[in-house]
Amino acid sequence: MFSFEGFMRINLFLRGMYRLAYLNLLWIAATVAGLVVFGIGPASYAVAAYIDRWFRFGETPPVTRAFVGHLRTQYWRSAAMGWILGAAAAIVITNIFLASDWFLQFANVMALIAVGIVAAYVFPVMAATDVRGIGRQLGTALMIGVGSLHWTIVATAAVVACTWLLATYALPLLVLFGVAIPAAAVGFVTRIVFGRIVADAAAEALLTSPPGAHETTRAPAHLARGRSQ
């Protein structure tokens, strides 16, 4: 028989799956409502912001209210980010098919991988850090993805495996989890990365602070908006 703790773990898991599925549906609704062009960026930012607060701080406010709040927070900035990523992907994909030289095709494939890495991490960067400026946000996202390449590869493999399983054995569930699965995978990676950044910043602050000020030293907040861990 299951223990009480076992039932609580199952309940927690099912509530988490429900929350991911609902975020996925909200992402679809917001993207469609924005005619894709005006919706995909803000919707992706809202999902990333909610998952960041959930995974790193355990905050689980009402999903709809929080999603709409995040959607409005940086609507035009996240929309512009979506336009930039979409344009970059379109240009690179076009070059892959039009390039006559294999070296140029290979270079564009590598560029497409870089665009994919940036697209995966740029919205969490916007949501969880105080990095400002589109160029700096794009650069930070690329640095996180490449700097934690092993985690990026593990997350990608997990997303591919889960998507293949759903597509093969439970295709309708892709509607509920097609976006939530990669968003959750990125959330796990950024939880590790941002946690290490905050921990390193706290350790550096302790080392550089006066001897009597260790108890009052706090981790710098510019790396993780909201609370320091």
Side-chain angles (χ1 to χ4, degrees), residues 19-55 63-97 108-146 148 152 155-156 159-160 163 174-191 193-194 224-225:
R19 196 171 287 114
L20 287 175
Y22 193 37
L23 281 171
N24 198 115
L25 293 177
L26 288 174
W27 183 89
I28 294 174
T31 301
V32 173
L35 302 177
V36 180
V37 176
F38 293 98
I40 191 169
S44 300
Y45 171 81
V47 171
Y50 189 96
I51 288 180
D52 175 71
R53 306 300 298 183
W54 174 16
F55 285 15
V63 179
T64 304
R65 185 177 65 187
F67 182 90
V68 173
H70 292 313
L71 193 73
R72 294 174 175 174
T73 300
Q74 296 197 44
Y75 180 84
W76 289 110
R77 291 179 182 176
S78 56
M81 188 65 73
W83 300 337
I84 292 172
L85 293 173
I91 292 172
V92 173
I93 291 173
T94 301
N95 288 339
I96 290 175
F97 287 102
N108 280 280
V109 168
M110 297 304 295
L112 185 61
I113 293 174
V115 171
I117 291 175
V118 171
Y121 291 106
V122 71
F123 293 109
V125 167
M126 294 176 65
T129 73
D130 290 330
V131 176
R132 291 292 178 265
I134 290 178
R136 293 184 62 192
Q137 289 169 344
L138 292 170
T140 301
L142 183 61
M143 289 176 60
I144 290 175
V146 175
S148 303
T152 300
T156 302
V159 170
V160 171
T163 303
L174 276 180
V175 178
L176 292 177
F177 297 103
V179 174
I181 290 174
V186 171
F188 279 116
V189 175
T190 54
R191 177 186 177 182
V193 173
F194 293 151
R225 182 181 295 115

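Note that the structure is predicted; figures quoted are calculated from it, not measured. Numbers here simply count residues along the sequence, with the first being 1.
- Applying the side-chain contact (heavy atoms from CB on, under 4.5 Å) rule to M143 yields no partners; only residues at least two apart in sequence or on another chain are considered.
- Each side-chain hydrogen bond (donor to acceptor under 3.5 Å, both in side chains) pair with one or both residues in residues 113-127, not counting sequence neighbours, appears once here: Y121-T152.
- Atom-to-atom distance recorded for M81:CE and M126:CE is 5.0 Å, nearest 0.5 angstrom.
- Within 6.0 Å of CZ on R19 lie more than 12 heavy atoms contributed by other residues, nucleotides or ligands.
- Between L142 and V118 there is a side-chain heavy-atom pair separated by less than 4.5 Å.
- F177 meets the ring-ring contact (aromatic ring centres under 6.0 Å, His included) test with no other residue; sequence neighbours excluded.
- Shown here are the side chain to side chain donor-acceptor pair (under 3.5 Å) partners of S78, two or more places apart in sequence or in another chain: there are none.
- For T73, the side-chain contact (heavy atoms from CB on, under 4.5 Å) partners two or more places apart in sequence, or in a different chain, are Y45.
- The shortest non-hydrogen separation linking A120 to P124 is O-CD, 3.6 Å.
- Distance check, rounded to the nearest 0.5 Å: NE2 of H70 to CZ of F123 gives 14.5 Å.
- Within the structure, the side-chain hydrogen bond (donor to acceptor under 3.5 Å, both in side chains) test picks out no pair touching residues 133-145 (sequence neighbours left out).
- L26 places none of its side-chain heavy atoms less than 4.5 Å from the side chain of Y50.
- Residue T94 comes nearest to A90 through the heavy atom pair OG1-O, 2.7 Å, listed as atom of the first residue, atom of the second, then distance.
- For L71, the side-chain contact (heavy atoms from CB on, under 4.5 Å) partners are A30, P42, A46, F67, not counting sequence neighbours.
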Can you give the donor-acceptor pairs under 3.5 Å from side chains of residues 178-186 to other protein atoms, not counting sequence neighbours?
none

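- Applying the side-chain contact (heavy atoms from CB on, under 4.5 Å) test to I84 and every residue at least two apart in sequence or in another chain returns I134, L138.
- F194 places a side-chain heavy atom less than 4.5 Å from the side chain of T129.
- In this view, N108 and N95 satisfy the side chain to side chain donor-acceptor pair (under 3.5 Å) rule, not counting sequence neighbours.
- Remark: the backbone N or O of G145 is not paired with any side-chain donor or acceptor of S148 at under 3.5 angstrom.
- Atom CD1 of I96 sits about 5.0 Å away from atom CG of L112, to the nearest 0.5 Å.
- The side chain to side chain donor-acceptor pair (under 3.5 Å) search around T163 returns none, not counting sequence neighbours.
- For F38, the ring-ring contact (aromatic ring centres under 6.0 Å, His included) partners at least two apart in sequence or on another chain are W83.
- Using a 4.5 Å heavy-atom cutoff, the side chains of L20 and W54 are in contact.
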